[in-house]
Structures are given as structure tokens and as C-alpha cells.
Participant: 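Dropping the structure in here first, questions after.
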There are 4 protein chains.
Amino acid sequence: MFPIDVRDVRPIYEQIIDQIKEQVIKGILKPGDQLPSVRQLAGNLTVNANTVTKAYQELERQRIIETIRGRGTFIAVLPEKEVNKTKLEEIRKALKGNCIELHYMGFYKEQILEEVSKICEELIKED
Amino acid sequence: MFPIDVRDVRPIYEQIIDQIKEQVIKGILKPGDQLPSVRQLAGNLTVNANTVTKAYQELERQRIIETIRGRGTFIAVLPEKEVNKTKLEEIRKALKGNCIELHYMGFYKEQILEEVSKICEELIKED
Amino acid sequence: MFPIDVRDVRPIYEQIIDQIKEQVIKGILKPGDQLPSVRQLAGNLTVNANTVTKAYQELERQRIIETIRGRGTFIAVLPEKEVNKTKLEEIRKALKGNCIELHYMGFYKEQILEEVSKICEELIKED
Amino acid sequence: MFPIDVRDVRPIYEQIIDQIKEQVIKGILKPGDQLPSVRQLAGNLTVNANTVTKAYQELERQRIIETIRGRGTFIAVLPEKEVNKTKLEEIRKALKGNCIELHYMGFYKEQILEEVSKICEELIKED
DNA sequence: GTGGTCTAGACCACG
DNA sequence: GTGGTCTAGACCACG
């Protein structure tokens, strides 16, 4: 279901979170869609159930998904978009780090914007 | 010297690496410039000397700085720009993650590119 | 009949119990009034019949309702008011926890009492 | 250090969270104070380190404490007091439940307010 | 069958 | 020595 890479530097639970958020943004997962149960997904990905639990809990905290007692876990209606200043600064720092790395590989502004543009294109459907 | 933030989620050694790379890219630090000794910098930043050592070692591995026995540590001539495919993929993943987070805050392609554009502007001097 | 919220953190059976107790206190349900059958209520609320059963059993244990074989379930005469010391301590702990949370939101004693006062007002008819 | 009660219905990690928040509100723990390490506290309370970790992570998420890499965990400066409407509603529901229980024990408005008043008195220092 | 809590214990990154 | 991640597995509440 999700391409999990145990060799990835990012922890597994974070990869799961990102995969689900990406599918929500792309519209592959829609509000009300049921997610596989913790144990099911853990089985599919051959990771521990606790790892999936951690991912689901974080997604619930972010109001991306919601758990209904005894029924399972579902995609929530899209949460209010709100700008968290602290988080925005964190993302800017991360982006800056990425730009520095790309520049060390020989990329200039034009090419960097081109990369980001391609990523957005693939990801975001403009309304 | 560097604005190090012990509360930052990023490890301190990584912050040091990024600060130095940024200053090199901006031309504030030039090839041949001497860096403070490990102990000096550790004292200035009030961090553990091992932390600075780790940062310097990583920078040396990336050929950003070089150590001359008995003399000290210096900014190296800019390394050959070369595209490491694995690393490029990693950066793309990171950029994608950041774009997803920005989109969840309400940003669309235009605004995301605007953010990245501002970062590049501040960072990279076009030759 | 009752506003049940499957998304609520509280278990459904607890919500049912609370709703019935609230209606009894408010005098909406009076001793002798018949309650819907387990299946009926389960159907109305679109919840599992076991869930309603559990709520009714707990209410019966607390002598709030009583089941008469072959006839159905009825509101009992108000049980003797008795102070269970253990339970009182539990409620105090819960109240303390709520006061802490309210204080973290900026509420002081006056405002907290105001909140509780409004709740009592709406709930309890002084004899 | 903290009175943890394994028989308590509330999960252990929640009891730890509440204890720390209470001590912060009472001024027993002040900004900058170091908390015992995860392992230390786990040892003292004879609970598992993971349980303490969970409590600390939740407290960090609420910005009550902060972790500094390799140094330990500290009480943060008091977070901005902000009213979360959803959470306020949850607390009101909980308070209502408590009032109902108290009323079933024979308490009327005056006595309930008296209880809450005593709790606030012990807890909150008016500025 | 669903998720939630907790344990015991391993291994890792960071300082 | 500090916290972070993950596993394997137990037991529980809820439906």
C-alpha cells in the first residue's frame, strides 16, 4: 500500500504520516474513507503495530484522520487551514537547508524553482 | 558567531554545518579563511567540543573545509559541483514533505514558489 | 432522542448513561416512565445493541432504572442519596483536573465558579 | 516524587502529566527547573520508561516542558494562555458530568460551588 | 475485531 | 548519560 523504506533516515512512523497526508492532498484518500486497521496496515507493511499506532495518533492530533470507537479509523474532513508561525519558520529553515544543498550540487535559483514547481505540479490540484 | 539554538529540533552539529555552508555560499567566508579552533568555537557557542568536532569532520568529508596539521582549519576552495543522484532524491523527498506541510497551511503553488524564491534571492549570488 | 456523538472521546454507553441521568435530574424523565427497549434505542441511535445493554445494566446497578420481566424498562423512584466516599474522592480528582485545564486556558477562580454555576443553574432545580 | 496510583482508572502517563501541571500551577516547579530524566523518574515511580516518555512528549506538545538535546528536560516558560473552543466544550461536558454525579449524592448548587471553590483555593494563586 | 495502554528490552543519535 | 525509535507481546475497554 505505502512504499516504506526501512533504510530511510526518517523514522517509519513519519513515512507513514507523510504517505497518508500526500494521498489526502492528491485526493486519493477522501473524507470518510476508512483506513486499514492498525494491525492490518502493520501486517501489510511488515512493521510493528505500535509504529502504525504512533503514526495514526499523530495524524489524529493533526485532525487529518479520526478514530471512531470500535469501528475504525477514517479520513476526516480537511482541517481548517491555519498558519502556525512557529511551524512556518521551521519549514523555511528546512527549505533554506535544501536550497543550500542544491546549490552545492550546482543548482541556481532557476533550477531550484523548477524542481519545486515540478513537485507542486504533481502534488497540488489548484482549485 | 553563529546563532545556535539548543532548543531547535535539529542537532547542534547540523546547525553549525549549515551556518558555515551558508556563509561560504554567501561569500562571507572565502577559501583560505581560517576557522576558529574546535575549542574556541565550542567556548563561544557554549557547546560541547565533541559537537564542534563532529561538525568539522562532516564539513571536511564534504571538502568544504580542510585541516592543516599544526596550523588549523581553513575554508577549502569550492568543491567541484557534482550531482549525487541518491542525495538529490533525498532532497526532493524533503522538499515534497515541506510542500505538503505548506499546502496544509493553505499555500498553493504560487505562494510556495514565492517562498523558495525569496530564500534563493537572499542566499545565492548569480554569477 | 439523545444526541450521541460517535466521535466523542467518551464511550457511547457512557454518553447514554449521562443523557438519561441528566433527563432524570431535570425532571424530563420521571419515576415510572418507560424507556425504549434495548433494540428500539439501539435502532434510533444507530449503535450496537450491546452498547445500549451495557448502559442499561449500569443504570440498573445504580438503581436509576429498573427492568420488569416481560414488561420493559422503567425509571425507578429516585434512589436514596448517599455519599460514597471513594466516589466523592474520584469526582474531586476529576474536578481538580478540569480546574487545572481551565486555569491553563487563562481562567481564574471567579470564572471557573461562574462556569460551574451556569452548569448547575441549567441542571438542578432547587427544591 | 509523584503519587502514582496503578489502581486509578486514569492511565499512568495521564497521572504523571496532571501531577506536573499541578506542580507548575502551584509554583512548586518553575520555568527552567530540570525534571528528572526519563529513566530516573521511571525508576522512582517503578513504571516503564516508555510510560514516562509518553507523558513527557505530551507535556512538550503542550509546551509545558521542553527538551534540550543531551541535557535533559526542563519546565518551559508558561505558555500563552489561549482558549481552545473545542477543548472548552469538552471540559464543560466533563464538569456537567461531575455535577450530575454530585447531585445524585445529594449535593446542591451551593455545596458543589463550595467543593470547586476549595479546589481552586488550594490550586490557584491569584495574581 | 477495533484501538489504547503498558511492559521489557534493544539499539541509535546526540553531546 | 540524555532522549527517540522500534519491536514483540500482553492485557484491556469498547462495540
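Lettering follows sequence order; numbering is per chain, from 1. Small disclaimer: the values here were computed from a predicted structure and weren't measured.
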Participant: Identify the heavy atoms of I119(B) and C99(A) that sit nearest to each other, and give their distance.
Facilitator: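 Scanning both residues, the minimum pair turns out to be CG2-SG, 4.0 Å.
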Participant: Are R10(A) and D8(A) ion-paired here, with the side-chain N under 4.0 Å from a carboxylate O?
Facilitator: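 D8(A) and R10(A): salt-bridged.
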Participant: In whole angstroms, how far is the P atom of dT2(E) from the CD atom of E66(A)?
Facilitator: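 From E66(A) CD to dT2(E) P: 18 Å.
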Participant: Would you say that more than 12 heavy atoms from the other residues, nucleotides or ligands in this model lie under 6.0 Å from the CZ of R61(A), or not?
Facilitator: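 Yes, the 6.0 Å shell around CZ holds more than 12 heavy atoms from other groups.
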Participant: List in numerical order all residues of residues 55-63 of chain C for which some heavy atom is under 4.0 Å away from an atom belonging to DNA chain F.
Facilitator: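 Residues of residues 55-63 of chain C under 4.0 Å from DNA chain F: none.
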Participant: Are any of T73(D)'s side-chain N or O atoms less than 4.0 Å away from OP1 or OP2 of dT2(F)?
Facilitator: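 So the side chain of T73(D) is outside the cut-off, no N or O lying under 4.0 Å from OP1 or OP2 of dT2(F).
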Participant: Whole angstrom is fine here: how far is it from CD1 in I68(A) over to C1' in dA13(F)?
Facilitator: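 Computing the I68(A):CD1 to dA13(F):C1' distance gives 17 Å.
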Participant: What is the distance, to the nearest angstrom, from the CG atom on L45(B) to the C1' atom on dG15(E)?
Facilitator: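 The distance from CG of L45(B) to C1' of dG15(E) comes to 14 Å, rounded to the nearest Å.
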Participant: Using a 4.0 Å heavy-atom cut-off, write out nucleotides 6-12 of chain E from 5' to 3' as B (base contacted by protein), S (sugar-phosphate only) or - (no contact).
Facilitator: BBBB-B-
Participant: Under a 3.5 Å cut-off on both pairing distances, which runs of 3 or more consecutive Watson-Crick or G-U pairs involve DNA chain E?
Facilitator: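 Runs of three or more consecutive pairs: E:1-14 with F:1-14.
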Participant: Please state how far atom CG in D8(A) lies from atom P in dA13(E), giving the value in whole angstrom units.
Facilitator: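 The distance from CG of D8(A) to P of dA13(E) comes to 14 Å, rounded to the nearest Å.
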Participant: Taking all non-hydrogen atoms of both residues into account, name the closest pair between A55(D) and Y13(D) and its distance.
Facilitator: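 Distance-wise, the nearest heavy atoms are CB-O, 3.6 Å.
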Participant: Using a cut-off of less than 4.0 Å, is there contact between a side-chain N or O of S37(D) and OP1 or OP2 of dG3(F)?
Facilitator: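 Checking dG3(F) against S37(D), a side-chain N or O does come within under 4.0 Å of OP1 or OP2.
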Participant: Before accepting this row, confirm whether a basic side-chain N of the pair K93(B)/D18(A) lies closer than 4.0 Å to the acidic partner's carboxylate O.
Facilitator: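 Here K93(B) does not pair with D18(A) in a salt bridge, since their nearest N and O are not under 4.0 Å apart.
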Participant: Taking T51(D) for its side chain and V47(D) for its backbone only, find out whether a donor-acceptor pair lies under 3.5 Å.
Facilitator: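 Between the backbone of V47(D) and the side chain of T51(D) there is no qualifying donor-acceptor contact (under 3.5 Å).
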Participant: Holding to salt bridge (charged side-chain N to carboxylate O under 4.0 Å, His left out), I want the full list of residues that pass it with K54(B), two or more places apart in sequence or in another chain.
Facilitator: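 Expected list: none.
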Participant: Going by side-chain contact (heavy atoms from CB on, under 4.5 Å), L35(A) matches just one of V52(A), L41(A), L29(A), L59(A). Which one?
Facilitator: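 Going through the options one by one, the only one that passes is L29(A).
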Participant: Start at the 5' end of DNA chain E and walk down; is the nucleotide closest to R69(D) or to R71(A) reached first?
Facilitator: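 Final value for this comparison: R71(A).
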Participant: Partners of K26(A) by salt bridge (charged side-chain N to carboxylate O under 4.0 Å, His left out), sequence neighbours excluded?
Facilitator: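 With neighbours one apart ignored, the set is E22(A), E122(A).
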Participant: Determine which pairs satisfy side chain to side chain donor-acceptor pair (under 3.5 Å) with at least one residue from residues 62-73 of chain B, sequence neighbours left out, and list them in order.
Facilitator: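 The answer is K21(B)-Q62(B), E58(B)-Q62(B), E60(B)-T67(B).
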Participant: Tell me whether N98(B) contacts the main-chain N or O of A94(B) through its side chain, where contact means a donor paired with an acceptor under 3.5 Å.
Facilitator: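 A pair under 3.5 Å: yes.
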Participant: How many Å lie between CD1 on I16(C) and C1' on dG15(F), as a whole number?
Facilitator: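 Taking atom C1' of dG15(F) as the reference, CD1 of I16(C) is at 11 Å.
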